[in-house]
Amino acid sequence: MLQQTPVARVAPVWHEWLARWPTPTDLAADAPGEAVRAWGRLGYPRRALRLHAAAVAMTEHQAGTVPSTETELLALPGVGTYTAAAVATFAFGERTTVVDTNVRRVLARVISGEEYAAPSPTRAELTVAAGLVPLDAVEARTWSVAVMELGALVCSARSPRCSECPVADLCAWQLAGRPSYQGPARKGQAWEGTDRQLRGALLAVLRASDVPVPRSSLEALSDNEIQRERCLDSLVADGLVEPLSRDRYQLPASREAS
DNA sequence: TAGCCGTGGTT
DNA sequence: TAACCAAGGCT
């Protein structure tokens, strides 16, 4: 849930989920569409599908327990480099290298002397991060949470609070006079009129309905037929939407969402 | 690896 | 106020 989503927005939904589905087995027993519905407006709803799929995998292959090693975690759907390392470290105490957007920014500044990290993680960046992690597993875990928190609370993206920073005196960016970012242009996401916007609107209609929705209700969301069909098709392909007979649609009820 | 995938608070 | 950006993953 926290992937690309601020803690403050995740917290209430997370509590609802744990009250409803206390264990992976509980979640796996419900339809994937219920996960998508309970995801609400957190965004990137494919994460809900993957979380459900991960629950199914844990239920089927490990008696409903969460794997305790980074390697096993990586095999779960929706669990990538960051999440596997974070869970392995924070939940199970494994000594690994946790690199999220906060860590990348802190190291870019403190070590490399640049305002922002590159648009996408580089090999060199991960090597540097790994080299900074303490050898002791307990200290390594403390290190990771500390760097993440420093990035989130002090070394923030927009207006860093350098006057409050505990490592300002050894920060390469600070020592260089806080030069502005010179690297390759950063993405910048368009929104108005995009497929993402329409997919979100389509899914919002389906989430709000307890009964199958007729195609006509979905068509009302856009006059662009080409885009409309493309988005609906992609939602079906993603397993987020299930087409029924008589031109009706619903959130996936079947057990095997991709 | 670059592009795609949502949403809403912050600056 | 329009951008920016957030505990990324997948193809």
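Proteins come first, then strands; the chains are lettered A, B, ... in the order of their sequence lines, and each starts at number 1. What you see is a predicted model; the values in this text were computed from it and never measured.
- When heavy atoms are screened at a 4.0 angstrom cut-off, A:Ala86 is found touching no nucleic acid atom at all.
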Would A:Arg199 and A:Asp238 count as a salt bridge (charged side-chain N to carboxylate O under 4.0 Å, His left out) if you check the C-alpha gap in whole Å, the side-chain angles of each, and the deciding distance to 0.1 Å?
CA-CA 11 Å; A:Arg199 279 170 55 106; A:Asp238 285 347; 2.7 Å; yes

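- Between A:Arg105 and C:dA6 there is a side-chain polar atom (N or O) within less than 4.0 angstrom of OP1 or OP2.
- Per the geometry, CG belonging to A:Asp238 stands 13 Å off C1' belonging to C:dG9, to the nearest Å.
- Side-chain atoms of A:Tyr82 lie closest to C:dG8 of the nucleotides C:dG8, C:dA6, B:dG6.
- A donor N or O paired with an acceptor N or O is found under 3.5 Å between the base of B:dT7 and the side-chain atoms of A:Arg9.
- Across all strands shown, A:Ser159 has no heavy atoms under 4.0 Å from either base or sugar-phosphate atoms.
- Residue A:Gly43 is classed as a base contact, given a heavy-atom separation below 4.0 Å to a base.
- For residues 116-141 of chain A, proximity to DNA chain C is found at A:Tyr116, defined as any non-hydrogen atom under 4.0 angstrom from a strand atom.
- Contact check, A:Gln4 against C:dG8: a side-chain N or O comes under 4.0 Å of OP1 or OP2.
- In this entry the distance linking CD of A:Glu70 with P of C:dG9 reads 11 Å, nearest Å.
- Here A:Thr5 lies in heavy-atom contact (under 4.0 Å) with a base.
- By the criterion of side-chain heavy atoms lying less than 4.5 angstrom apart, applied directly or through intervening Ile, Leu, Val, Met, Phe, Trp or Tyr residues, A:Leu198 is grouped together with A:Val236 in one hydrophobic cluster.
- Toward the 5′ end of DNA chain C lies the nearest nucleotide of A:Asn102, the other residue of the pair A:Leu76 and A:Asn102 mapping further downstream.
- Distance from the side chain of A:Arg158 is smallest for C:dC5 among the nucleotides C:dC5, B:dG6, B:dC5.
- For the atom pair SG (A:Cys155) and CE (A:Met148), the distance works out to 13.5 Å, reported to the nearest 0.5 Å.
- Using a 4.0 Å heavy-atom cutoff across all strands shown, A:Arg41 reaches sugar-phosphate atoms only and no base atom.
- Along DNA chain C, the nucleotide nearest to A:Val7 and the one nearest to A:Val79 differ in position, and the one closer to the 5' end is contacted by A:Val7.
- Atom CE of A:Met1 and atom C1' of B:dG6 are 15 Å apart (whole Å).
- A:Trp14 and A:Trp21 end up in the same hydrophobic cluster when Ile, Leu, Val, Met, Phe, Trp and Tyr side chains are linked at under 4.5 Å.
- The distance between atom CZ of A:Arg46 and atom C1' of C:dC10, rounded to the nearest whole Å, is 7 Å.
- Per the geometry, CD belonging to A:Gln3 stands 5 Å off P belonging to C:dG9, to the nearest Å.
- We find that A:Arg109 and A:Glu114 are not joined by a salt bridge, their nearest charged nitrogen and carboxylate oxygen being 4.0 Å or further apart.
- Rounded to whole Å, the distance from CZ on A:Arg104 to P on C:dA6 is 10 Å.
- Between A:Asp26 and A:Arg20 there is no salt bridge, since none of the side-chain N atoms of the basic residue sits less than 4.0 Å from a carboxylate O of the acidic one.
- Residues A:Arg47 and A:Thr5 bring a donor and an acceptor atom of their side chains to less than 3.5 Å of each other.
- C:dT11 and B:dG6 have their P atoms separated by 14 Å, given to the nearest Å.
- Within 4.0 Å (heavy atoms only), A:Thr81 reaches sugar-phosphate atoms of the nucleic acid but no base atom.
- Computed from coordinates, the A:Met148 CE to C:dA6 P distance equals 12 Å when rounded to whole Å.
- The nearest whole Å value for the distance from the CH2 atom in A:Trp191 to the C1' atom in B:dT7 is 7 Å.
- In this structure, A:Leu42 reaches the bases: a heavy-atom distance under 4.0 Å links it to at least one base atom across the strands shown.
- One hydrophobic cluster holds both A:Val36 and A:Val205 under the rule that ILVMFWY side chains link at heavy-atom gaps under 4.5 Å.
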